[in-house]
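Here is the structure we will look at, set down as structure tokens.
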Amino acid sequence: MQVELNNATGLLAVIGDPVAHSRSPLLHNAMLARLGLNYIYLPVHVLRGRTAPWLDAAREAGFQGFNATMPHKTALVPLMDELSEDAARCGAVNTVRLREGRWQGFNTDGIGFLRAMEDAEIPVRGRKIAVLGAGGAVQSVALKLASAGAAEITVLARTVEKAEALVKMEPGIIRARPFSGAELNRAAADCDLLVNGTPLGMAGVSGNFEDFSFLDALPPGAAVCDLIYSPLKTKLLQNAENMGHRAVNGLGMLIHQAICALELFTDENIERGPMAAMLRKTLTEPISRD
Ligand code: NAP
């Protein structure tokens, strides 16, 4: 990708520990090139525990904004001058911008998920949703689903206290269940959409679901979404598809959280459909070395 730099080039980044795996530089630089915006977006390895010194360094170096991945998302919360409602609700920040000297923190994961569901034409309003896992991604997704009008969200978690923390935020809508075979079957039997928010099935992570028999319990029209995007088709999605269910991977969420973040950094109003299509191609087609 050709990037032209000059003295007016704006600085954006993603911070993480590790950060080398992040797809954000690829996504954001592709969007910036497409929009003809004079910024560069860099990966910056900020060590765990060094979030506060990074903020000082970023301010001094002239960064206008940055995204954050593990383990900085929660550490950023008390360091922000202002927090968006989504970031405050889920207690995690994935997008930060500096405006008039003030750090503003946002969380675009939940809206990214909703927009991915919209693209896939999977309705959430009034629907029953089973969510597996209760980690950082699920905190954003489940709370956003609740504010988008989901009728009932069952969060099945190995550490059930994490799901119970979500119940406290949305007691009428979210309920917590242990992550067990029997509970998986029960939740699957009574949902319109099943979302995997655990790393089970992710490339480079050992472990997968012990069995996929809970998919047998899904009603015929139910859809399955995996937040994982590598591999593009997890065994969960493959099995769901073989059984005739709609199966959606995490690429849409990844793409839409990035589009939303770039809008916050640049104040551009991005036409989402064509941009998402371009990013999907960028992420899934082999890179040309020409
Ligand atoms: P996280 O904070 O580490 O949470 C992982 C969750 O999965 C926790 O609830 C954890 O339970 C549970 N879990 C892990 N191993 C399990 C097992 N063997 N059995 C049952 N539950 C298990 O991770 P995260 O950031 O939320 O990410 C979760 C997944 O979402 C990852 O695959 C990640 O790649 C994906 N993700 C995708 C996007 C996107 O844009 N598409 C964005 C963010 C994340 P404990 O609490 O008991 O450990």
Side-chain angles (χ1 to χ4, degrees), residues 14 16-19 21-24 26-28 48 67-76 86 90-95 107-117 119-120 130-145 153-167 174 176-184 187 194-212 214 224-237 247-262 276 279-280 283-284:
V14 56
D17 182 18
V19 76
H21 67 287
S22 173
R23 315 305 300 271
S24 294
L26 177 65
L27 289 172
H28 281 269
R48 178 183 289 275
N67 288 118
T69 180
M70 298 307 289
H72 301 293
K73 286 183 173 187
T74 45
L76 279 165
D86 283 342
C90 66
V93 164
N94 78 335
T95 302
N107 191 305
T108 64
D109 283 335
I111 187 73
F113 178 80
L114 282 192
R115 287 181 179 164
M117 292 301 97
D119 278 3
V131 183
L132 317 186
V138 167
Q139 308 270 333
S140 317
V141 166
L143 292 173
K144 202 68 189 168
L145 281 169
I153 302 165
T154 305
V155 178
L156 298 109
R158 186 170 64 175
T159 308
V160 82
E161 294 76 22
K162 290 189 188 173
E164 280 160 0
L166 286 168
V167 176
I174 300 181
R177 293 286 181 271
F179 188 93
S180 70
E183 292 290 350
L184 272 172
L194 182 139
V195 180
N196 176 36
T198 77
L200 292 170
M202 189 162 99
V205 170
S206 62
N208 210 321
F209 290 91
E210 275 171 28
D211 69 83
F212 293 95
F214 60 91
V224 176
C225 174
D226 206 325
L227 300 191
I228 294 171
Y229 48 84
S230 176
L232 290 173
K233 198 174 280 182
T234 56
K235 283 193 180 145
L236 173 73
L237 293 185
V248 179
N249 65 25
L251 218 51
M253 174 177 169
L254 178 74
I255 286 169
H256 281 290
Q257 62 76 27
I259 294 175
C260 189
L262 194 66
L279 292 178
R280 195 168 280 277
L283 286 167
T284 53

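FYI, the numbering just counts along the sequence from 1. Order of listing sets the numbers, starting from 1, for every ligand and every atom in it.
- Residue Gly133 places no N or O, backbone or side chain, under 3.5 Å from any N or O of ligand 1.
- Atom 23 (O) of ligand 1 is not flagged as protein-proximal [any protein heavy atom, distance under 4.0 Å].
- In terms of polar-atom proximity, defined here as any N/O pair under 3.5 Å, Gly135 does make such a contact with ligand 1.
- Of all the atoms in ligand 1, the ones that sit under 4.0 Å from a non-hydrogen atom of Ala134 are 9 (O).
- Two residues are said to be in side-chain contact when any heavy atoms from C-beta on lie closer than 4.5 Å; Phe212 and Lys235 meet this criterion.
- Near Gly136, meaning under 4.0 Å from one of its heavy atoms, ligand 1 places the atoms 2 (O), 26 (O).
- Among all non-hydrogen protein atoms, the one lying nearest atom 42 (C) of ligand 1 is Met253 CE, 3.7 Å.
- Among Ala258, Ala137, Ala92, the residue whose heavy atom lies closest to atom 25 (O) of ligand 1 is Ala137.
- Counting heavy atoms from C-beta outward, Pro71 and Asp17 have side chains that approach closer than 4.5 Å.
- Just one residue in the list Val195, Asp226, Leu184 forms a side chain to side chain contact (heavy atoms under 4.5 Å, CB included) with Leu132, and that residue is Leu184.
- Protein heavy atom at the shortest distance from atom 14 (C) of ligand 1 is Pro199 CD, 3.4 Å.
- For ligand 1, the polar-atom distance check against Tyr229 finds no nitrogen or oxygen pair separated by under 3.5 Å.
- For atom 7 (O) of ligand 1, the nearest protein heavy atom lies under 4.0 Å away.
- Under 4.0 Å from ligand 1, the heavy atoms of Lys162 that appear belong solely to its side chain.
- Any N or O atom pair closer than 3.5 Å counts here, and Gly250 shares at least one such pair with ligand 1.
- At a heavy-atom distance under 4.0 Å, only side-chain atoms of Met202, from C-beta outward, approach ligand 1.
- If you check which protein heavy atom lies closest to atom 17 (C) of ligand 1, you get Arg158 NH1, 3.4 Å.
- Side-chain contact between Leu232 and Leu237 is absent, with no heavy-atom pair separated by less than 4.5 Å.
- Within the set Val138, Leu132, Thr159, Leu200, the minimum heavy-atom distance to atom 19 (N) of ligand 1 is found for Leu200.
- Annotation: Leu254 places an N or O atom under 3.5 Å from an N or O atom of ligand 1; distance criterion only.
- Side-chain contact check for Met117 versus Leu145: every heavy-atom pair is 4.5 Å or farther apart.
- Closest non-hydrogen pair, Ala163 versus Val155, comes out as CB-CG1, 3.7 Å.
- Protein heavy atom in closest approach to atom 29 (C) of ligand 1: Gly197 O, 3.7 Å.
- The option with the heavy atom closest to atom 36 (N) of ligand 1, from among Val155, Leu156, Leu227, Val160, is Leu227.
- By the 4.5 Å heavy-atom criterion applied to side chains, Asn67 and Thr95 are counted as neighbours.
- Among Lys144, Lys73, Arg115, the one residue that satisfies the salt bridge (Lys or Arg N to Asp or Glu O under 4.0 Å) test with Asp109 is Lys73.
- Nearest heavy atom pair, residue Ala187 against residue Leu156, reads CB-CD1, 3.8 Å.
- Any N or O atom pair closer than 3.5 Å counts here, and Phe179 shares no such pair with ligand 1.
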Start with the C-alpha distance between Val141 and Met253, add both sets of side-chain angles, then the distance that settles side chain to side chain contact (heavy atoms under 4.5 Å, CB included), and finish with yes or no. CA-CA 10 Å; Val141 166; Met253 174 177 169; 3.9 Å; yes
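- Taking a cut-off of under 4.0 Å to the non-hydrogen atoms of Ile228, the atoms of ligand 1 that pass are 32 (O).
- Of all heavy-atom pairs between Leu166 and Gln139, the closest is CD2-OE1, 3.6 Å.
- Asp119 places a side-chain heavy atom less than 4.5 Å from the side chain of His256.
- Side-chain contact check for Leu283 versus Leu27: some heavy-atom pair is nearer than 4.5 Å.
- Using a 4.0 Å cutoff on heavy atoms, Ala157 does not count as a contact of ligand 1.
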